[in-house]
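I have placed the structure first, in the form of C-alpha cells, so that the comments after it can refer back to it.
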Amino acid sequence: MTMSVSRRSLLALSAGFGASAMFGDSALAKEAKLGTQSPYFHRMKVGDAEVTVVSDGPLPLGPPKGTFTGASDDEIKKMLVDNFLSPDNIVLEQNSPVVNTGDKLILFDTGMGTSQLFGPITGRQQKSLAEAGIKPEDIDAVVFSHAHVDHIGGVVDASGKVLYPNAQYYIAQSDFDYWTDEGKMGSPLKDFVVHARKNLLPVRDRLVFFKDGQEFLPGVQALAAPGHTVGHSMFMVTSNGKSFAFLGDLTHHAVLLLEKPLMEFSYDTDPKQAAQTRVKMLSMLAANKIPVMSYHFAWPGYGHVAKAGDGFHYYPEPMNMQL
Ligand SMILES: [Zn+2]
C-alpha cells in the first residue's frame, strides 16, 4: 500500500515537472507573498436570528503539563498527536457570538482586552467587530459566562473607557462577587481579580444578575454550569424553534476534555465539580443533538457533540459561507 501511494506521488510529481516544462517560464513566475489573513468573523443564521462569531484572537496556553491533569503525560501527548495537534503548545481560540435577534444585539463575552497575560496575539475583538461591520455602540447587551480575564477583559480600553456605552451587562452574581473581591488581591488569584475589577466595576450600575434557568433576554436562557468558576454559566439561545448552546468554558479542549471529560483543568475553581458539570451538560447536549458554540474550540467553534466511548466527540459544522 505504501509502495503504491508513493509510486502515485512520484507519478504526479513527474507529471508536474512535465507541465512546467510545457508552459515554460510563466508557470514558475514568482509572486510576492501577501502575509495577510481573512477577517476574523463568521456569520450564520439560527432560526430568525443572525449570529456573527467574532474572535479575540488565539490564546496560547503553552505545554499541557500541569494545566490538564488526570491522565499521564504520555496519554495526553498521544491524544494530541493522534489528532494532529501540537503536544508542546495548547492554543485555544476565543469565539464570541454576537446574536442579532431582530430586536436586540447581544454580545457574549469580550476577550482579553488590553491584558497580555497570555501574550500579544489576543485582544482583537474590537478589530473583529469592525471587520464584521458591527459598531460597539449598537450592542444592547453584553452577557458574561463568567468573570475570568479572557471573558471580561474587553469591557474597557487602556484608558478605562467603557467600549459598549449603550449596553446592559449580565452575569451571575456569585461570579461577580467572587472575582471582584478585594480580599483576594493578596492571593494567587490576584491577576484575575485585578482585571475583573478593572472591567466590571465601571459598569457596576448597569449590571443585571441572572438566575439559573431564567430567560433574562428574549430567547436567551441562563443555565448554571458551576465548577470552572462558582457562577460559571452557559446559555441556550433560541429563535423561531432553532437553538444553540453557548458553552462558555464548559470545556476548554475539543479533544482532551471531551475524550476524557473527567480530566481536570488547573484554572478551574473547583475542578471536580467542573468535571461533573461537563459530563452532565455534554450528555444533555448530545442526547438532544443541540448545536454548540464553544468559546475555546477551533475557529469558529460551532458544531455538535456526540457520545463516544466513555466520553464525547466534537463534530465541527462546515463553514458554509451563506446566509
Ligand atoms: Zn476562558
Side-chain angles (χ1 to χ4, degrees), residues 34 36-60 79-86 89-102 105-109 111 121-122 124-125 127-134 145 219-220 234-261 278 281-309 311-323:
L34 297 176
T36 54
Q37 258 301 355
S38 53
Y40 223 152
F41 76 92
H42 178 61
R43 188 161 280 148
M44 60 197 178
K45 279 210 165 150
V46 176
D48 291 335
E50 183 178 87
V51 179
T52 306
V53 196
V54 294
S55 174
D56 191 54
L59 188 160
M79 287 164 81
L80 292 168
V81 171
D82 284 354
N83 284 276
F84 302 94
L85 294 169
S86 166
N89 187 15
I90 304 277
V91 181
L92 308 181
E93 289 283 346
Q94 299 182 92
N95 311 313
S96 280
V98 183
V99 179
N100 186 341
T101 66
L105 193 58
I106 307 166
L107 166 68
F108 291 82
D109 291 339
I121 56 173
T122 60
R124 74 157 359 258
Q125 190 180 67
K127 190 176 174 192
S128 300
L129 284 167
E131 288 169 348
I134 297 171
S145 59
V220 182
M234 47 186 263
F235 306 95
M236 290 297 306
V237 179
T238 303
S239 170
N240 195 18
K242 296 265 193 267
S243 296
F244 74 94
F246 176 58
L247 302 186
D249 282 6
L250 182 72
T251 163
H252 289 75
H253 201 279
V255 175
L256 300 180
L257 296 181
L258 253 59
E259 282 186 15
K260 291 182 185 289
R278 189 154 50 238
M281 290 302 190
L282 289 174
S283 300
M284 179 273 287
L285 294 163
N288 292 288
K289 298 186 164 58
I290 296 170
V292 301
M293 162 141 296
S294 187
Y295 189 72
H296 288 305
F297 282 8
W299 174 253
Y302 193 74
H304 285 84
V305 289
K307 282 257 187 203
F312 300 88
H313 186 78
Y314 171 63
Y315 296 88
E317 183 103 340
M319 283 175 62
N320 300 137
M321 292 294 198
Q322 57 183 17
L323 283 174

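- Under the 3.5 Å distance criterion, the side-chain polar atoms of Asp109 are left unmatched by any main-chain donor or acceptor of Gly248.
- Met293 is not listed as a side-chain neighbour of Val237, based on a closest heavy-atom distance of 4.5 Å or more.
- Closest of all the heavy-atom pairs between Val99 and Ala49 is CG1-CB, 4.0 Å.
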Check your understanding: So Leu285 and Met234, side chain to side chain contact (heavy atoms under 4.5 Å, CB included) or not? Walk me through it.
Key -> CA-CA 12 Å; Leu285 294 163; Met234 47 186 263; 4.2 Å; yes
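- Here Asp56 contributes atom CG and Leu92 contributes atom CG; the two are 12.0 Å apart, rounded to the nearest 0.5 Å.
- In this structure, Thr251 OG1 and Phe297 CZ are separated by 4.0 Å, a value rounded to the nearest 0.5 Å.
- Inter-residue side-chain proximity for Tyr302 and Val51 is flagged as unmet; no heavy-atom pair is nearer than 4.5 Å.
- The closest donor-acceptor contact from the side chain of Thr238 to the backbone of Ser243 lies at 3.5 Å or more, if one exists at all.
- Residues Asp82 and Glu259 are not in side-chain contact: their nearest non-hydrogen atoms beyond the backbone lie 4.5 Å or more apart.
- The distance from atom CG of Leu250 to atom CG of Leu282, rounded to the nearest 0.5 Å, is 5.0 Å.
- Residues Gln125 and Val98 form no side-chain contact, since every pair of their non-hydrogen atoms from C-beta on lies 4.5 Å or further apart.
- Taking the side chain to side chain contact (heavy atoms under 4.5 Å, CB included) definition, one finds that Lys242 meets it with Val46, sequence neighbours left out.
- Judged by distance alone, the side chain of Arg278 and the main-chain N or O of Pro261 form a donor-acceptor pair under 3.5 Å.
- Judged purely by atom type and a 3.5 angstrom limit, Ser239 uses its side chain to pair as donor or acceptor with the backbone of Asp48.
- Considering every non-hydrogen atom in both Ala306 and Ala286, the closest pair reads CA-CB, 4.0 Å.
- The shortest distance between side-chain heavy atoms of Glu317 and Met44 does not fall below 4.5 Å.
- A donor-acceptor pair shorter than 3.5 Å cannot be found between the side chains of Thr122 and Gln94.
- Across every non-hydrogen atom of Trp299 and Val53, the tightest pair is CH2-O, 3.4 Å.
- In plain terms, the two heavy atoms of Ala132 and Thr52 that are nearest each other are CB-CG2, 3.8 Å.
- A 4.5 Å side-chain heavy-atom check between Met321 and His42 finds at least one atom pair inside the cut-off.
- With rounding to the nearest 0.5 angstrom, the CG atom of Asn95 is 8.0 Å from the CZ atom of Phe246.
- To the nearest 0.5 Å, atom CZ of residue Phe312 and atom CE of residue Met281 are 12.0 Å apart.
- Expressed to the nearest 0.5 Å, how far NE2 of His252 lies from CD1 of Ile90 amounts to 12.0 Å.
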Review point. Should Phe108 and Ser145 be marked as a side chain to side chain contact (heavy atoms under 4.5 Å, CB included) after you check the CA-CA gap, both sets of side-chain angles, and the distance that decides it?
Key: CA-CA 7 Å; Phe108 291 82; Ser145 59; over 6 Å; no
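- Minimum interatomic distance between Leu107 and Ser96 (heavy atoms only, all atoms of both residues): CD1-CB, 4.1 Å.
- Take Pro58 and apply the side chain to side chain contact (heavy atoms under 4.5 Å, CB included) test, not counting sequence neighbours, and it matches Tyr40, Val91, Glu93, Ile121.
- Contact detail for Ser55 and Ser128: the closest heavy-atom pair is O-OG, 2.7 Å.
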